[in-house]
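Beneath this line is the structure, given in structure tokens, with notes to follow.
Here the structure is a predicted model, which is why all the values come from computation and not from measurement. Side-chain atoms are counted along with the backbone in the values below, which use heavy atoms only and exclude waters and symmetry mates.
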Amino acid sequence: MTMIRTTRMRGRLATIAAAGAMATGLAACGSEIEEPATSAGATTAAAEAEAPGTEKGTLTISNWDAYTPEGLIPAFEKATGIKVKMAKHATNEEIMGKLDAADGAGYDLVFVSGPFAQALHKRGWAAPIDESKVPNLKNLYPEATELGYDPGNQYSVPYTWGTTGLCYRSDLVSEKPDSWNDLLDPADDVKGKTTMLATDRWLLLPALKQLGYSANTTDEGELEEARDLLLKTKDTLLAYDDTTFYSKLVSGEASLVEAWDGWCNYGIAENDDIEFVVPKEGADLWVDAMVVLESSPNKDAAYEFINWVLRPDSGASVVELLTYKVPNKAAMDELDPALVEQFPNLGMDPAELLQQESLQDLGDGQPTWSRIVTEITS
């Protein structure tokens, strides 16, 4: 059976909304490869404040650390003659801050989460996706064109996607969990052995779904109701934990945790008693996406890079690196069946995934979310 290393972690999911983040503790058919009819050597935007600076003939990209397969960029450079400069950001907020300081310039292509791609579009910083220059878009699942934050992939292209649910030790729980209430009002045998994610969108997710509300609500009354429910849960928790919850499951310190599906896989790699389930009340659909910046004069090279990422072999290498699902059907079809056997949530049907609620930009509602989170965790 294919075994996956568990050290390939990044800060992205644990810190998607810095205002609510806390420290640990308490995607259309066919699989053939097509290349763009038109490609261009890279020229780049002038360096701006807080941006890494760009060089003539270089495609400047920012992505999370350890989120690109090691051989992907060298292979792209060799095949296209386009030089790539890869900058790294730890959080969505970090790259957004750099773009703010440079008025949307300084990079050609950025990797951000769906709500942040939506925010870039609202600010006029995201260039339209020229489908004629990204023919491998056909490799995406049809469902990957139905994402709430960008229907039709007008200004972004999904890179990875997944959901959030309950990750648990099947040998340490008396009954298999199937509801957010199993976390919010835990049974006596798991009380004190549960953790919840601390980042704002996912801290409130279990309560909002349990109450029947949208994960994107900005209604103050609904958010306060979720707060009150989470305050009752607080005393039953082992910790708020965005980064080591799967390790706690492996050691047995925790029995049941809220987890992103890919991160639950890190635990499964070390202990096959660990399982993942999406609660019956539903969950979120999170997406990490590629966005070409409107400020870039190097758009053709950026489109060519996206097209390379959408090759079946490129997408499969992403899954093998991260144990995250990708919205690339051609890539998922190339996976070793043993990998899906080891990590069953990789086999989740895209239609089932799309039943979950796509996270979107909170806009003017973000301050209310930040206040509610502070009231829960302080």
Side-chain angles (χ1 to χ4, degrees), residues 12-22 91-93 96 112-123 143 146-151 156 158 161-166 177-185 194-234 237 240 242 257-261 277-289 352-378:
R12 166 250 174 275
L13 284 170
T15 50
I16 191 170
M22 294 189 59
T91 68
N92 285 290
E93 290 73 25
M96 292 296 285
V112 293
S113 299
F116 291 84
Q118 188 176 18
L120 289 172
H121 172 65
K122 288 178 180 179
R123 300 191 68 167
E143 290 86 352
E146 302 173 28
L147 303 171
Y149 66 89
D150 182 18
S156 65
W161 63 356
T163 188
T164 308
L166 299 173
D178 66 354
S179 168
W180 286 119
N181 198 53
D182 293 321
L183 177 68
L184 296 167
D185 186 17
T194 62
T195 72
M196 292 186 66
L197 299 172
T199 307
D200 57 357
R201 301 304 296 265
W202 293 286
L203 173 60
L204 269 66
L205 177 69
L208 289 173
K209 287 300 179 182
Q210 181 66 29
L211 293 167
Y213 299 144
S214 168
N216 297 305
T217 185
T218 57
D219 180 273
E220 189 169 2
E222 293 179 351
L223 290 170
E224 289 178 345
E225 193 174 346
R227 174 202 61 199
D228 292 345
L229 179 54
L230 289 168
L231 285 172
K232 293 179 181 178
T233 300
K234 187 173 182 178
L237 295 175
Y240 293 122
D242 280 352
V257 303
E258 179 190 8
W260 301 294
D261 45 1
V277 63
V278 177
K280 60 187 179 183
E281 298 86 4
D284 66 320
L285 168 56
W286 62 259
V287 182
D288 288 337
E352 180 184 354
L353 193 57
L354 204 67
Q355 290 174 3
Q356 313 313 319
E357 188 173 11
S358 181
L359 293 179
Q360 300 187 39
D361 179 32
L362 296 172
D364 294 337
Q366 182 62 56
T368 302
W369 271 72
S370 298
R371 174 180 63 80
I372 292 292
V373 168
T374 299
E375 291 172 357
I376 295 168
T377 57
S378 63

- Item | Backbone of Ser113 reached by a side-chain donor or acceptor of Asn92 within 3.5 Å |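 It does hold such a pair.
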Could you work out, with salt bridge (Lys or Arg N to Asp or Glu O under 4.0 Å) as the rule, every residue matching [X], not counting sequence neighbours?
| X | result |
| --- | --- |
| Glu224 | Arg371 |
| Asp261 | Lys325 |
| Asp361 | Lys122 |

- Do Glu281 and Asn181 have a side chain donor and acceptor closer than 3.5 Å?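 There is no such pair (donor and acceptor under 3.5 Å, judged by atom type) between the side chains of Glu281 and Asn181.
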- Query: Does a donor on one side chain sit under 3.5 Å from an acceptor on the other, for Glu222 and Thr217?
  - Reply: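 Judged by distance alone, the side chains do pair up.
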Got a sec, which residues hit side-chain hydrogen bond (donor to acceptor under 3.5 Å, both in side chains) with [X], two or more places apart in sequence or on another chain?
| X | result |
| --- | --- |
| Glu146 | none |
| Ser214 | Glu357 |
| Asp284 | Thr164, Trp202 |

Atom of [X], atom of [Y] and distance for their closest heavy-atom approach:
| X | Y | value |
| --- | --- | --- |
| Ser358 | Leu147 | OG-C, 4.2 Å |
| Trp180 | Leu205 | CZ2-CD2, 4.2 Å |
| Ser179 | Lys280 | CB-CE, 3.8 Å |
| Glu258 | Leu197 | OE1-N, 3.0 Å |
| Lys234 | Ser378 | NZ-O, 3.0 Å |
| Ala207 | Leu230 | CB-CG, 3.7 Å |

Do [X] and [Y] come close enough that some side-chain heavy atom pair is under 4.5 Å?
| X | Y | answer |
| --- | --- | --- |
| Thr218 | Asp364 | no |
| Asp150 | His121 | no |
| Trp286 | Arg201 | no |
| Trp260 | Asp242 | yes |
| Pro279 | Lys209 | no |
| Leu362 | Thr368 | no |
| Ser370 | Val373 | no |
| Leu359 | Tyr149 | no |

Say you draw a straight line from [atom1] of [X] to [atom2] of [Y]; how long is it, rounded to the nearest 0.5 Å?
| X | Y | atom1 | atom2 | answer |
| --- | --- | --- | --- | --- |
| Gln210 | Thr233 | CD | OG1 | 9.5 Å |
| Glu225 | Leu208 | CD | CG | 9.5 Å |
| Leu204 | Met196 | CG | CE | 8.0 Å |

- Task: Kindly determine whether Tyr240 and Ile376 satisfy side chain to side chain contact (heavy atoms under 4.5 Å, CB included), including the steps that lead there.
- Result: CA-CA 11 Å; Tyr240 293 122; Ile376 295 168; 3.6 Å; yes
- Task: With side chain to side chain contact (heavy atoms under 4.5 Å, CB included) as the test, would you mind laying out the steps for Glu352 and Thr163 before giving the verdict?
- Result: CA-CA 10 Å; Glu352 180 184 354; Thr163 188; over 6 Å; no
